[in-house]
Amino acid sequence: MKTSLAALFFFSPFCSALVGISWSIPIAPSSALRDVVFPINITGATHTAGYFFAQQDVGYIGLQPRPDAGGKSMVHATFSSFVAQTTTTDPNCYLDADGGPGVSCATDIAAEYDDGFYLHVENEKETTWVGNLVDLKTQQKTRIGSWTLPAGTGGISPSQVGFVEYYPWNSESQHSCSSLPYSQGEFGNVFSTSTRGTVGDAYEYGDCVGEVAFKMYRTSIGVNIRVGF
């Protein structure tokens with residue numbers, strides 16, 4: 001019997017997220033999805049560390065802006081599991097997930113923010129999953145990392161929630177809402193090799209609701225999100 005990932009995986013309690021955004025693939029295989037692609041664009045994000053634009057699948061996958069290096073724009077991509085007893089042999093990964101059980105993987109690439117990206121999660125074999133980053137302009141595919149969930153876990157649930165997080169707030173007990181730096185990102189409609197899905201409207205949550213200049217609007221490809229000053 002396959003164990004539902006919903007019973008094993010939970011939204012990280014360490015996350016000081018500002019915005020949530022759901023995604024769904026209504027016509028999913030009965031055995032759950034074996035891959036999912038998250039289009040994402042961070043054209044309007046500042047080239048500084050602090051923000052995390054992420055989606056939930058069998059774990060988390062997402063992008064973090066970084067300061068330029070050597071005259072080039074840098075993007076930090078992550079792929080993590082918060083499931084206890086997750087293992088890895090991938091050189092991009094290590095045992096730990098925000099100080100708790102699980103595995104974290106990451107890589108940095110030089111890429112223009114307006115290139116647009118695909119975050120692709122796919123089943124490699126049995127309960128082993130790999131996360132990749134694809135630059136849509138150059139078509140460069142970069143492996144973020146891979147890990148293996150405990151035996152008996154199933155595939156990707158076809159309806160989950162992503163988020164926008166300002167992670168410097170994770171270490172602060174109180175937040176100065178009016179001092180939140182500005183950022184912008186766009187979450188595109190999700191799809192897999194077998195079918196297509198959508199993203200829902202973005203919404204605020206946390207302790208700064210109504211105080212961080214949150215704006216969202218639908219675009220031809222998904223949802224654009226803006227927060228901060």
Side-chain angles (χ1 to χ4, degrees), residues 5 8-9 11-12 14-15 17 21 23 33-43 45 47 49-69 72-83 86-149 153 155-157 160-165 167 185-188 190-193 199:
L5 279 173
L8 293 172
F9 185 78
F11 200 88
S12 170
F14 310 103
C15 175
I21 182 167
W23 66 267
L33 296 165
R34 308 308 290 176
D35 85 295
V36 64
V37 178
F38 300 109
I40 189 167
N41 187 297
I42 55 171
T43 299
H47 294 209
Y51 274 95
F52 186 25
F53 300 87
Q55 286 283 19
Q56 181 179 328
D57 40 80
V58 283
Y60 290 136
I61 192 166
L63 296 182
Q64 299 176 4
R66 286 290 192 267
D68 294 352
K72 296 181 178 180
S73 301
M74 301 300 297
V75 175
H76 183 76
T78 70
F79 180 52
S80 303
S81 167
F82 283 78
V83 176
T86 303
T87 61
T88 187
T89 58
D90 195 297
N92 285 355
C93 309
Y94 58 92
L95 296 175
D96 182 80
D98 284 352
V103 169
S104 297
C105 310
T107 190
D108 294 289
I109 67 165
E112 296 300 324
Y113 285 16
D114 59 0
D115 284 0
F117 304 94
Y118 281 165
L119 294 166
H120 187 196
V121 179
E122 58 185 330
N123 183 256
E124 198 166 60
K125 61 178 181 179
E126 299 176 345
T127 61
T128 297
W129 298 84
V130 58
N132 292 300
L133 172 66
V134 180
D135 184 315
L136 297 183
K137 183 177 181 179
T138 66
Q139 294 300 303
Q140 176 184 346
K141 182 178 181 179
T142 302
R143 185 183 180 93
I144 304 171
S146 63
W147 29 258
T148 301
L149 294 170
T153 53
I156 302 169
S157 170
Q160 300 193 55
V161 178
F163 60 90
V164 178
E165 172 194 17
Y167 56 82
E186 187 167 31
F187 290 78
V190 304
F191 62 93
S192 74
T193 54
V199 288

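Residue indices begin at 1 and follow the sequence shown.
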Taking atom [atom1] of [X] and atom [atom2] of [Y], what is their separation to the nearest 0.5 Å?
| X | Y | atom1 | atom2 | value |
| --- | --- | --- | --- | --- |
| K72 | H47 | NZ | NE2 | 14.5 Å |
| L33 | D57 | CG | CG | 10.5 Å |
| L149 | T88 | CG | OG1 | 11.0 Å |
| L133 | D108 | CG | CG | 10.5 Å |
| W147 | S81 | CH2 | OG | 4.5 Å |

If the condition is ring pair (Phe, Tyr, Trp, His ring centres under 6.0 Å), which residues does [X] pass it with, not counting sequence neighbours?
| X | value |
| --- | --- |
| F38 | W23 |
| F53 | none |
| F187 | none |

What's the shortest heavy-atom distance between [X] and [Y], and which atoms?
| X | Y | answer |
| --- | --- | --- |
| Q139 | L136 | NE2-O, 2.8 Å |
| A97 | S104 | CA-OG, 3.6 Å |
| G62 | L119 | CA-CD1, 3.8 Å |
| S146 | C105 | N-SG, 3.9 Å |
| A49 | R66 | CB-NH1, 4.1 Å |
| L63 | A77 | CD2-CB, 3.9 Å |

### Query
Which is it for F52 and V164 under the side-chain contact (heavy atoms from CB on, under 4.5 Å) test, yes or no, and what are the steps along the way?
CA-CA 6 Å; F52 186 25; V164 178; over 6 Å; no

### Task
Could you tell me whether E126 atom CD has more than 12 heavy atoms of other residues or ligands within 6.0 Å of it?
no

### Query
Any side-chain heavy atom of V199 sitting closer than 4.5 Å to one from Q55?
yes

### Query
Tell me, do Y51 and I42 make a side-chain contact under 4.5 Å, heavy atoms counted?
no

### Message
Restricting to side chain to side chain donor-acceptor pair (under 3.5 Å), what partner residues turn up for T142, sequence neighbours left out?
### Response
Q140

### Message
Using ring-ring contact (aromatic ring centres under 6.0 Å, His included), reason through W129 and F79 one step at a time and then give a plain yes or no.
### Response
CA-CA 10 Å; W129 298 84; F79 180 52; 8.5 Å; no

### Query
Please, which pairs that meet side chain to side chain donor-acceptor pair (under 3.5 Å) have at least one residue in residues 111-123, sequence neighbours excluded?
R34-N123, D35-H120, E122-N132

### Summary
Given the options T89, V103, T127, T148 meets side-chain contact (heavy atoms from CB on, under 4.5 Å) only with T127

### Query
What pairs with D90 under salt bridge (Lys or Arg N to Asp or Glu O under 4.0 Å), at least two apart in sequence or on another chain?
R143

